[in-house]
Novice: 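One structure, as structure tokens, below. Some questions next.
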Amino acid sequence: MALYSRLNICNIRGSTLLYKTNILNNCPSLNEVSKRCLFWEKERKAGYDPKDKVSTFMHIRNGMKELKTEFKLLSQEIKEHVSHPVLFARPGETDLLWCFNETNELNKFVTTCDSDHNEGYSSCAFDMSPAGRGLFHGYLDTRTPKDGRIKKSGYCAIRSKRVRKAFKREATYDWNLYNTLVLKVRGDGRSYLLNISCEGYYDITWNDIYHYVLYTRGGPYWQIAKIPFSKFILGSKGRLQDKQTRMRLDRVTHFGISCGDKINGVFNLEIEYVGLEFDPTHDEQFAYEMYKTDRYIVGV
């Protein structure tokens, strides 16, 4: 059996090469790991489908189309940088983030469910309703696949795409001027989970999400839900954390809604808009106790 003493990493022409030095033979071996290095990529998860043969001319043409979009984002970014920033939010006014009255707004969200990962039998979609609003609908199935690996199943969710600047640079939402999340929805009596993700440090915080349960009324009437950000509770991979912290409103990356109330059947949630509001009467910083321990205490 070969023994390796060290592992060196370097980048050559957009690929990552791993150098492993053998102690016995003292000879390096190379393993090439694929890396996302293309400007235009057909597949959402990076790269291309190996079954599709795309010519060089098609690559150039699609890349030029992508450049038009990126330059529009660059001009918008310059205008925002030059213009005067908004220093305060007017109390009682709702600033809309997403107004689901057009199909383009629906394209800013992606849907996912347990059947997409072969972990269940649920299905969902995010389409336009007959009333011309966004409709999150599907079928929730709590049956567990009999593969000996999955223990729980039954979830459907929508999630906003990562906001980006020009030329694929990642950005975040800055909601520091506001303290309340506002939604106008028409539900079916089920409870849904509102999810907000914030940019954290390193990979240990990638799964940290702030949650709040949205209870809906059945029937034909719309309801406006106003939820203070202080009411969102921190969780990771579906588990609430003992050590709670406030939400970083200047580092928000995603917003989503999920259905997983363990009730088999059809669900329908119609959404007109999602917005932000500043409520001057709400002065609560955080609704949950934040545990602090002395430095000589090891466990938290």
Side-chain angles (χ1 to χ4, degrees), residues 1 18 31 33-36 41-52 100 106-129 134-162 183 185-198 200 202-218 232-244 253-271 299-300:
M1 181 179 296
L18 305 181
N31 292 329
V33 181
S34 60
K35 179 182 177 182
R36 178 170 180 156
E41 295 174 336
K42 181 179 179 181
E43 296 296 324
R44 187 171 64 87
K45 296 182 179 180
Y48 302 90
D49 189 354
K51 298 179 182 178
D52 298 337
F100 302 106
L106 303 182
N107 295 332
K108 296 179 181 179
F109 283 73
V110 294
T111 61
T112 181
C113 57
D114 50 18
S115 60
D116 294 338
H117 311 284
N118 296 324
E119 297 179 352
Y121 305 97
S122 304
S123 61
C124 66
F126 192 38
D127 305 318
M128 294 294 291
S129 67
L135 180 62
F136 176 42
H137 64 99
Y139 186 87
L140 192 69
D141 196 335
T142 59
R143 290 181 299 162
T144 304
K146 298 180 180 179
D147 56 358
R149 180 175 62 92
I150 307 301
K151 297 180 180 180
K152 295 180 181 180
S153 63
Y155 76 91
C156 299
I158 58 173
R159 190 189 191 192
S160 64
K161 296 180 181 179
R162 180 66 186 267
L183 298 94
V185 298
R186 180 160 57 182
D188 52 359
R190 284 177 177 262
S191 59
Y192 297 84
L193 197 64
L194 304 180
N195 308 309
I196 296 179
S197 303
C198 298
Y202 307 107
D203 58 350
I204 195 172
T205 59
W206 285 353
N207 298 303
D208 291 355
I209 301 178
Y210 288 86
H211 307 282
Y212 188 83
V213 180
L214 174 66
Y215 298 97
T216 63
R217 301 192 300 261
F232 281 80
I233 190 169
L234 177 62
S236 179
K237 295 183 179 180
R239 297 177 180 270
L240 298 183
Q241 302 299 295
D242 290 334
K243 190 174 182 179
Q244 292 289 321
T253 57
H254 300 91
F255 169 78
I257 303 175
S258 60
C259 179
D261 54 2
K262 300 181 181 180
I263 301 176
N264 293 322
V266 179
F267 66 90
N268 294 278
L269 180 65
E270 195 171 359
I271 312 170
V300 183

Novice: State the OH-SG distance between Y155 and C113, to the nearest 0.5 angstrom.
Specialist: 7.0 Å
Novice: Taking C-beta and beyond as the side chain, do D114 and D141 meet within less than 4.5 Å on heavy atoms?
Specialist: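 Counting from C-beta outward, D114 and D141 never come under 4.5 Å.
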Novice: Pick from E270, R186, H137: which one makes a side-chain hydrogen bond (donor to acceptor under 3.5 Å, both in side chains) with S129?
Specialist: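 Of E270, R186, H137, side-chain hydrogen bond (donor to acceptor under 3.5 Å, both in side chains) with S129 is met by E270 alone.
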Novice: Flag the pair L269 / C259 as yes when at least one side-chain heavy-atom distance between them is below 4.5 Å, and no otherwise.
Specialist: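 No; the side chains remain at least 4.5 Å from each other.
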Novice: May I ask you to decide if G154's main-chain N or O and T142's side chain share a donor-acceptor pair within less than 3.5 Å?
Specialist: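 A pair under 3.5 Å: no.
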Novice: Starting at OG1 of T144, measure out to OH of Y121 and round the result to the nearest 0.5 Å.
Specialist: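 OH of Y121 is found 8.5 Å from OG1 of T144.
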Novice: Any non-hydrogen side-chain atom of Y210 less than 4.5 Å from a side-chain atom of C198?
Specialist: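 Yes; the side chains approach each other to less than 4.5 Å.
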Novice: Is the backbone N or O of S191 less than 3.5 Å from a side-chain atom of T216, with the two atoms forming a donor-acceptor pair by type?
Specialist: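 The answer is no, because no donor-acceptor pair under 3.5 Å joins these two groups.
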Novice: In Å, rounded to the nearest 0.5 Å, how long is the span from CG of N107 to NZ of K161?
Specialist: 6.0 Å
Novice: For S122, does its backbone N or O pair with a side-chain atom of S115 as donor and acceptor, under 3.5 Å?
Specialist: yes
Novice: Find out whether M128 and L106 are in side-chain contact, i.e. whether some heavy atom of one side chain is under 4.5 Å from a heavy atom of the other.
Specialist: yes
Novice: So, does E119 use its side chain to make a donor-acceptor pair with the main chain of S153 at under 3.5 Å?
Specialist: no
Novice: Which word best sums up how the rings of F232 and Y212 line up, parallel for under 30°, tilted for 30 to 60°, or perpendicular for over 60°?
Specialist: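 Geometry flag for Y212 against F232: tilted rings.
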Novice: Is Q241 reaching over with its side chain to a backbone N or O of R239, donor-acceptor style, under 3.5 angstrom?
Specialist: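 Yes, because the side chain of Q241 sits within donor-acceptor range (under 3.5 Å) of the backbone of R239.
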Novice: May I ask you to test the R190-L140 pair for a side-chain heavy-atom distance under 4.5 Å?
Specialist: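 A side-chain contact exists here, since the closest heavy-atom pair is under 4.5 Å.
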Novice: Taking the six-membered ring for Trp, are F136 and F267 ring centroids under 6.0 Å apart?
Specialist: yes
Novice: Any side-chain heavy-atom pair from I271 and I257 closer than 4.5 angstrom?
Specialist: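 Contact flag for I271/I257 side chains = yes.
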Novice: Would you kindly say whether S236 and N207 are connected by a side-chain donor-acceptor distance under 3.5 Å?
Specialist: no
Novice: Atom CD1 of I158 and atom CZ of F109: how far apart are they, to the nearest 0.5 Å?
Specialist: 6.0 Å
Novice: Measure the CD1-NE2 distance between I196 and H211 for me, rounded to the nearest 0.5 Å.
Specialist: 10.5 Å
Novice: Check whether S160 reaches the backbone of F255 with its side chain - one donor and one acceptor, N or O, closer than 3.5 Å.
Specialist: yes
Novice: Is the shortest side-chain heavy-atom distance between H254 and N195 below 4.5 Å?
Specialist: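 No, too far: nothing below the 4.5 Å cut-off.
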